[in-house]
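Encoded as C-alpha cells, the structure appears first; notes follow it.
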Amino acid sequence: MLNLQTIDQELALVVQESIAQAFPENLPEDFKASVFRTSDPRHGDYQCNDCMQLAKALRQAPRGIAEKVVAGLEGHPALEKVELAGPGFINFTLSTDWLADRVLQLESDVHRGIPQVGEGETVVVDYSSPNVAKPMHIGHIRSTVIGNALDRLHRACGFQVIADNHLGDWGTQFGLILMGYRNFLDKEALEASPVTELERIYVASYQKSKEDESWLDAARDELVKLQAGDEENLKLWKSFVELSLREFNKIYARLDVRFDLERGESFYNDRLAGILEKLKSAGLLQESDGAQIVDLEEEKLGVCIVQKRDGGFNYATTDIATVFSRVEEFSPSTILYVTDERQQRHFQQFFSVSKKLGIKTDLQHVWFGLMRLPEATFSTREGNVIKLEALLDEAESRALKMVQASSPHLSPEIQAEVASAVGIGSIKYADLSQNPQSLVTFTWEKAMALDGNSAPYLQYAHARIRSVLDKYATQFPEGKPAEAPFQLAEPLERDLGLKIARFPEAVLMATRTYRPNLLADYLFDLAQTYSTYHQSIPFLRAEPGVRESRMRLIALVADTLKDGLKLLGIETPNRI
Ligand code: ARG
C-alpha cells in the first residue's frame, strides 16, 4: 500500500523546504506553505501565492522572496518549469514523465492514491434520521443522499465511520398517535401503506385535540403511560417504529444506503435525567418559568430549554445525551450531523452546552438549504411532502425510456437494471452536484440531461469508454495494454493524465469541506476532457504501442469515473 500524498501537498512541502532554506531566520514558526491547482492552464498546473503574505515577516519584496524560492526548486524531478509571475506568484508546470509515473502509481494503488488521512480516527455521521410515523420529507431525502456521500468519502480517506440513523422515535407526538390508532385506524390502509396511515391518524388526532381539550388530556395520559413503560402502549409504539422502519428500509435499499446503527432518540431515554444532573453540578442549570434552561445569551444563542415545565425532556437534551453516549462508546474525533438549515440554532445550542460539559469532540453541523420543487414537478405531491417512492419511480421510468431508445438491443432485464442506476443516479447527482448551502431548483431536464452536468452524462462517458475497451479486446485479442510503455504524448493526453492524478485531491477536498459537489465538479471536468479527447484522437486506429498506451489511459479515466461516482453513491453500468 502506497499511502501517497496528493500533488498539492507534495509541492507544498517542497516549497516549504525551499523557503525554510532561503530564510532560516524570520520565518514565522507556524508558517505552512500552500500550493493549489491553477484555474487557468496558462499559469501552469499549480501555483503558490505565499510570497505575498511572507513579505511583511521577511521584510522583503515578494518578488525577491519568490526569486529565492524558485532558485531553490531548480532541478526538482517533479517540475519541468517554475515561473515567477506578477509581483510574486510562483507557477509550476509538472514534468510530463513524472506525471505519467504518478498516474501509474494510482493505477496500482488500492486506494487510487487517496491519502489515508483518517487512519486511526473514527467519525460518526448522523444522517437521514426521519421521524417515526411520518413520511420522509425533502429535507430527509437530501440528508440521506448528502450524508451517505460524506459517509463514503470518509471511508475512502481511511476513517472508521459509524453511520447512525438517529430516528425520531420518541416524543410528544406518540400520545396523539396512540389516541388516533385506537379511534381512527383503517387496518387495510395500515397494511398497504403504513407510514401514510400512521400519519393520517396522527393528523386526525391532532385536529381533534385542537377542538377538544379532553382529547388532548387523554393523549397526554397515554404519553405518560408510554413513558412509564405501560405494556400495551409500549407494544403499540414498537409496532409504529417497526412499520415505519420497514418502509424507510425499502427506500434505503433502493438508494443503496446502509447504516451501522439505527438508534432512535428512545435509545437515550435513560440518560436524560443524568444530563440534568451533570448540568446542575456544573452550575449551568437555571429555572425559568418552571422549565429548566441553560442560558446561552452571552454567546448570543438564546436559552436552551432542557426540561419543560411538565417534566418532559427536549430535543436538545436527547442530543446532548447522544453526544455523551457516542463519545463513551466510539471515541470519535468528529461527529457530523446532516440536516436542513432550519435546525442551525438547535445545533449551535447543544454544541455549546456539550462543550461546557467538557466534550472535546469536533461537532459539525453540515446543513443544506431546501431544494425547490417547481409546481407540477411531481404528480404525487401532497402539500409540502413529496412521496419519495413516487419520485424514485418516476426517475426510473424516465430513465427506462432513455435506455430503451439508446439500447434497444439490450434485454428488458438489463434495461431495467440500467434504468435503475440512471434514474436513481440522476436524483442523487442533481442533489450532490450543487453546493449544499445554495438554493437549488430541481428539474427533470437538468437532472437527466445527456449533454450537461448530470449523472447520465457521466455514466454515459464511462460506458462509452468501456465499449471502446471491448472493441479493442475483440480486435486485438493478443494485446496487453498493461505491459506497453505508458506515455502522455499529446497535450490532451497530458491533460487527462493530470486530471486523473488530481483525483485524490478532489476526494480529499470534498471530504475536508463536507462538500461532495467538489468531487462532482471534478468528475464532470474529467468527463468533458475525455469527451474532447474521444472526438479528436484516434485510439483503435493508432499505431501499435501508442494504441495500447491510449487504452491504458482511457481505462484509467473509466475507473476514476467509476470510483468517483461510487463515492457519491452512484452506479456505473457498462452499457447505457
Ligand atoms: N429527526 C430529526 C428531524 O426529522 C432529525 C435528527 C437529526 N439528528 C440529530 N441528532 N438531531 O428533524
Side-chain angles (χ1 to χ4, degrees), residues 123-148 150-151 161-174 177 195 198-199 202-203 237 240-241 244-245 247-249 251-252 257 259-269 271-272 275 301 304-306 312-330 332 334-355 357 359 361-371 383-388 436 514:
V123 173
V124 175
V125 189
D126 175 321
Y127 71 95
S128 192
S129 312
N131 299 320
V132 164
K134 287 188 192 162
M136 286 197 200
H137 60 63
I138 187 80
H140 297 122
I141 300 166
R142 292 204 78 186
S143 170
T144 308
V145 170
I146 296 172
N148 187 246
L150 293 175
D151 170 347
V161 174
I162 312 274
D164 190 1
N165 191 4
H166 189 76
L167 296 166
D169 66 353
W170 202 240
T172 43
Q173 76 267 34
F174 285 100
I177 300 175
V195 177
L198 286 175
E199 176 169 57
Y202 168 68
V203 170
W237 168 76
F240 302 155
V241 176
S244 302
L245 259 180
E247 206 160 307
F248 297 151
N249 282 334
I251 288 168
Y252 296 140
V257 165
F259 296 98
D260 300 295
L261 296 176
E262 279 193 311
R263 284 185 185 162
E265 295 175 10
S266 64
F267 182 86
Y268 307 96
N269 196 33
R271 290 174 166 260
L272 301 179
I275 294 299
L301 290 176
C304 178
I305 305 176
V306 286
F313 296 105
N314 267 11
Y315 187 36
T317 328
T318 305
D319 261 323
I320 298 165
T322 307
V323 172
F324 275 92
S325 163
R326 285 173 177 161
V327 167
E328 277 164 31
E329 195 172 342
F330 307 114
T334 308
I335 306 180
L336 301 182
Y337 300 82
V338 188
T339 82
D340 72 51
E341 61 192 4
R342 293 172 301 184
Q343 298 198 27
Q344 286 180 81
R345 178 48 79 98
H346 163 71
F347 283 98
Q348 287 163 349
Q349 286 191 337
F350 91 77
F351 287 178
S352 163
V353 176
S354 303
K355 297 237 157 78
L357 288 176
I359 294 290
T361 312
D362 182 19
L363 306 173
Q364 291 283 346
H365 183 209
V366 181
W367 59 267
F368 49 82
L370 284 177
M371 190 182 281
N384 228 352
V385 182
I386 357 128
K387 293 272 151 49
L388 181 52
Y514 313 126

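Numbering of ligands and ligand atoms starts at 1, following listing order. Computed from a prediction, not measured in an experiment: that's the story for all the values here.
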- Query: Any side-chain heavy atom of Pro130 within less than 4.5 Å of one from Asn165?
  - Reply: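 Yes - at least one pair of side-chain heavy atoms lies under 4.5 Å apart.
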
- Item | Minimum heavy-atom distance Tyr127-Val257, with the two atoms named |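 Looks like OH-CG1, 3.9 Å.
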
- Task: Evaluate the side-chain contact (heavy atoms from CB on, under 4.5 Å) criterion for residues His166 and Tyr268: first the C-alpha distance (whole Å), next the side-chain angles of each, then the deciding distance (0.1 Å), finally the verdict.
- Result: CA-CA 11 Å; His166 189 76; Tyr268 307 96; 3.8 Å; yes

- Among Val124, Ile359, Ile162, Thr361, which residue meets the side-chain contact (heavy atoms from CB on, under 4.5 Å) test with Arg326?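 For Arg326, the side-chain contact (heavy atoms from CB on, under 4.5 Å) test succeeds with only one of Val124, Ile359, Ile162, Thr361, which is Val124.
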
- Message: If the test is side-chain contact (heavy atoms from CB on, under 4.5 Å), which one of Asp260, Leu261, Asp151 qualifies with Asp164?
- Response: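 The residue from Asp260, Leu261, Asp151 that satisfies side-chain contact (heavy atoms from CB on, under 4.5 Å) with Asp164 turns out to be Leu261.
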
Find all atoms of ligand 1 within a distance of less than 4.0 Å from any non-hydrogen atom belonging to [X], and give their numbers and elements.
X: Thr339; answer: 7 (C)
X: Tyr315; answer: 2 (C), 5 (C), 6 (C), 7 (C), 9 (C), 11 (N)
X: Tyr337; answer: 10 (N)
X: His166; answer: 8 (N), 9 (C), 10 (N)
X: Asn131; answer: 1 (N), 2 (C), 3 (C), 4 (O)
X: Asp126; answer: 7 (C), 8 (N), 9 (C), 10 (N)
X: Gln343; answer: 3 (C), 12 (O)

- Task: For the residue pair Phe259 and Tyr252, categorise the inter-ring angle as parallel (less than 30°), tilted (30 to 60°) or perpendicular (more than 60°).
- Result: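 Phe259 and Tyr252: perpendicular rings.
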
- If you measure from each non-hydrogen atom of Thr322 to ligand 1, which part falls under 4.0 Å: side chain, backbone, both or neither?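 For Thr322, there is no contact with ligand 1 at all, from either part.
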
- Query: Backbone, side chain, both or neither: what part of Tyr268 comes under 4.0 angstrom of ligand 1, heavy atoms only?
  - Reply: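 For Tyr268, no heavy atom sits under 4.0 Å from ligand 1.
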
- Which is closest to atom 4 (O) of ligand 1 in terms of heavy atoms, Glu265, Lys134, His140?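 Residue with the shortest heavy-atom distance to the ligand atom: His140.
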
- Message: Just to be sure I'm reading this right: ignoring hydrogens, which of Val132, Asp319, Leu167, Asp164 gets closest to atom 10 (N) of ligand 1? Compare them by their nearest heavy atoms.
- Response: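 Shortest heavy-atom distance from atom 10 (N) of ligand 1: Asp319.
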
- Has ligand 1 got any nitrogen or oxygen that is less than 3.5 angstrom from a nitrogen or oxygen of Arg326?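 No: no nitrogen or oxygen of Arg326 is under 3.5 Å from one in ligand 1.
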
- List the steps and the verdict of ring pair (Phe, Tyr, Trp, His ring centres under 6.0 Å) for His346 and Tyr315. CA-CA 9 Å; His346 163 71; Tyr315 187 36; 3.9 Å; yes

- Task: Give a yes or no on whether the ring-centroid distance for Tyr337 and Phe350 is below 6.0 angstrom.
- Result: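 Yes.
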
